[in-house]
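Count residues from 1 along the sequence. In listed order, ligands and their atoms are each counted from 1.
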Amino acid sequence: MNDIYVIGVGMTPFGRHLDLDMKALTRQAVEAALADAAMQKEQLEAAFFGNTSQGHMEGQHMIRGQIALRAMGIGRIPVVNIENACASGSSAFALACSHLKSGAGDVALAVGTEKMFSTDKARMFSVFDSAWDISRAQEIRDSLMKLGREVSVPEGSTSPKPYSVFMDVYAAFARSHMRTFGTTQRQLAAVAAKNHNHSVHNPLSQYRVAYTIDEILAAPPITYPLTLPMCSPISDGAAAAILCTGKALKRLNLDASRAIRVLASVVQSGSDRDESDYRSHCTALAATKAYELAGVGAADISVAEVHDATAMGEIIQSENLGFCEFGMGGVIAERGETSIGGRIPINPSGGLESKGHPVGATGLAQIHELVTQLRGEAGTRQVESARLALAENGGGLEGIEEAVACITILGR
Ligand SMILES: CC(=O)CC(=O)SCCNC(=O)CCNC(=O)[C@H](O)C(C)(C)COP(=O)(O)OP(=O)(O)OC[C@H]1O[C@@H](n2cnc3c(N)ncnc32)[C@H](O)[C@@H]1OP(=O)(O)O
């Protein structure tokens, strides 16, 4: 992987963009990435487009990438559409890397765009219902609910309003973790407070409101033990990255001092496993592979963007990534080790919980943040001396773990 670079990144602010369609959001992110790379759109040689829900929300089932890119004058290049649930953006990034590695071209665009917000909430939340094998829905639900057994759910700790089915999934993961390792609701709140406090410094974040741990605990309940600011919101947005080979860096006279090297890009599916076999979690296996490819270990990582679809997601994944022992994910957040300035800063962007989660764009927004950090251009949220960065982005659900695990390691 040593000869692949990210030369430009761009993203829209994440949030509710009822006034902007897919084409407009895509254009904003791609134009920002082109400007960042000091490149022209005519220099793009291939594009990989991540999106999940437009078929459901806008009736545009097919060729979404070609339609969005052609509207901004990008055509006559290979364009491939990628749907890999909430990991679609990182999957687009991985395919752009493979394309360049194969020698098929020297410059590739990875872009993810998603429009999710709707005033029709039931329809909006139903988008998530097919992010697992619907023919096994009952079986999967049953095995998930068993995970949360033996933890009593306090009265009034579930919202009467509709919400995404994934919040029940993460609540079951959380209750299982509480039962097995003694993780507390306060530790979940520490993760969420940390991420919301980071987002105050990110102008592209959907929410930029600081919270104390007690304020997170006192927020409206969604499904025990999750309260509202522990959950990722519904978001619209787009994010893009331009990748190139070392050869193109020289040929196109691009600014090598701002190029960030891709050390590993891994995509892996999950499989059935025993609940207590943590080491076989698909993210843990994908991380091992990525560390091997990059020739580094967890202790070498300076900063990470981790898939906190809820605060519980960050706890599980920080353990799978080897940033702490299994069971210690909540403890390290409570100790401040995952805050900016801590031992292993996680989600300096604000994470999905605060920056937002327009699912097809999320993985590329993680890359946007890490490239900004590695260049030393993150302003008041800069992680000091950031040299190696890791992004973890998960998608869908099969059995008791994600259907897709994507790990990217970048270096300066
Ligand atoms: C493997 C994987 O992990 C794959 C995945 O990624 S799965 C995750 C996919 N994404 C999801 O499932 C989405 C989850 N989110 C939800 O279900 C809902 O957004 C929610 C339950 C968190 C909130 O829904 P809701 O109760 O209808 O809240 P909503 O009406 O949007 O907002 C209420 C208020 O809270 C605010 N708010 C919403 N989310 C917020 C957040 N994360 N942080 C701070 N404030 C938030 C809103 O701005 C709003 O404020 P105002 O009243 O001042 O306008």
Task: Donor-acceptor side-chain pairing of Thr113 and Thr26 below 3.5 angstrom - done: yes
Open item on the list: Counting only heavy atoms, tell me which of Tyr207, Tyr170, Tyr211 gets closest to atom 2 (C) of ligand 1.
Closed with: Tyr170
TODO: Using non-hydrogen atoms of the residue, decide whether Ile234 is closer than 4.0 angstrom to ligand 1.
DONE: yes
Task: Residue pairs involving residues 353-371 (criterion salt bridge (Lys or Arg N to Asp or Glu O under 4.0 Å); sequence neighbours excluded) - done: Glu305-Lys355, Glu369-Arg381
- [ ] Could you check if a side-chain atom of Phe128 sits within less than 4.5 angstrom of a side-chain atom of Ile234, using non-hydrogen atoms only?
- [x] yes
Task: Validation row, ring centre Phe181 to ring centre Tyr278 under 6.0 Å - done: yes
Task: Protein residue, atom and distance nearest to atom 25 (P) of ligand 1, heavy-atom basis - done: Lys121 NZ, 3.6 Å
Open item on the list: I need the minimum non-hydrogen distance between Arg175 and Pro225, along with the two atoms involved.
Closed with: CG-CD, 4.0 Å
- [ ] Determine the interplanar angle of the Phe173 and Tyr170 rings, folded into 0 to 90°, and report it as parallel if under 30°, tilted if 30 to 60°, perpendicular if over 60°.
- [x] perpendicular
Open item on the list: Yes or no, since that's all I need: does a protein heavy atom fall within a distance strictly under 4.0 Å of atom 51 (P) of ligand 1?
Closed with: no
TODO: Heavy-atom contacts with Tyr163 under 4.0 Å: which atoms of ligand 1 show up? List them by number with element.
DONE: 17 (O), 21 (C)
Task: Side chain, backbone, both or neither: the part of Cys86 lying under 4.0 Å from ligand 1 by heavy atom - done: side chain
Task: Proximal candidate to atom 23 (C) of ligand 1 [heavy atom criterion; set Val127, Thr227, Val165, Leu228] - done: Leu228
TODO: Only heavy atoms count here, so choose which of Pro160, Gly350, Ser164 is nearest to atom 12 (O) of ligand 1.
DONE: Ser164
Open item on the list: With a heavy-atom distance limit of 4.0 Å, tell me whether Ala309 approaches ligand 1 through its side chain, its backbone, both, or neither.
Closed with: side chain
- [ ] Kindly identify the option in Phe125, Trp132, Phe166, Phe173 whose heavy atom sits closest to atom 18 (C) of ligand 1.
- [x] Phe125
Open item on the list: Taking distance alone, with N or O pairs closer than 3.5 Å, would you say Cys231 contacts ligand 1?
Closed with: yes
- [ ] Look at Glu398 together with Arg136 and state whether they make a salt bridge at an N to O cut-off of under 4.0 Å.
- [x] yes
Open item on the list: Quick check on atom 34 (C) of ligand 1 - does any protein heavy atom sit closer than 4.0 Å to it?
Closed with: no
Open item on the list: Tell me whether ligand 1 is touched by Ala219 - counting only heavy atoms on the residue side and a distance under 4.0 Å.
Closed with: no
TODO: Run the salt-bridge test on Lys41 and Glu31 with the 4.0 Å N-O cut-off and return the result as yes or no.
DONE: no
Open item on the list: When you measure from the side chain of Asn202 to the backbone of Leu204, do you find a donor-acceptor pair of N or O atoms at a distance under 3.5 Å?
Closed with: yes
Open item on the list: If the condition is ring-ring contact (aromatic ring centres under 6.0 Å, His included), which residues does Tyr211 pass it with, not counting sequence neighbours?
Closed with: His196
Open item on the list: Can you confirm whether some protein heavy atom lies under 4.0 Å from atom 10 (N) of ligand 1, or whether none does?
Closed with: yes
- [ ] Compare every heavy atom of Gln382 with every heavy atom of Ile340, then report the nearest pair and how far apart it is.
- [x] CG2-O, 3.8 Å
Task: Salt-bridge present (Asp36, Arg258; N to O < 4.0 Å) - done: yes
Open item on the list: Looking at atom 29 (P) of ligand 1, tell me if a protein heavy atom falls under 4.0 Å from it.
Closed with: yes
Task: Ligand-side contact atoms (ligand 1) for residue partner Lys161, heavy atom cut-off under 4.0 Å - done: 26 (O)
TODO: Might you check, step by step, whether the distance between atom 20 (C) of ligand 1 and some protein heavy atom is under 4.0 Å?
DONE: no
Task: Residues Glu377, Arg412: salt bridge by 4.0 Å N-O rule - done: no
- [ ] State the atoms of ligand 1, each with its element, that fall below the 4.0 Å cut-off from a heavy-atom position in His307.
- [x] 2 (C), 3 (O), 4 (C), 5 (C), 6 (O)
Task: Per-atom contacts of ligand 1 with Glu353, taking only distances under 4.0 Å to non-hydrogen atoms - done: 41 (C), 42 (N), 43 (N)
Open item on the list: Less than 4.0 Å is my threshold; does some heavy atom of His196 fall inside it relative to ligand 1?
Closed with: yes
Open item on the list: When you measure from the heavy atoms of Arg16 to every atom of ligand 1, does any distance fall below 4.0 Å?
Closed with: yes
Open item on the list: Yes or no: does Ser232 have any heavy atom under 4.0 Å from an atom of ligand 1?
Closed with: yes
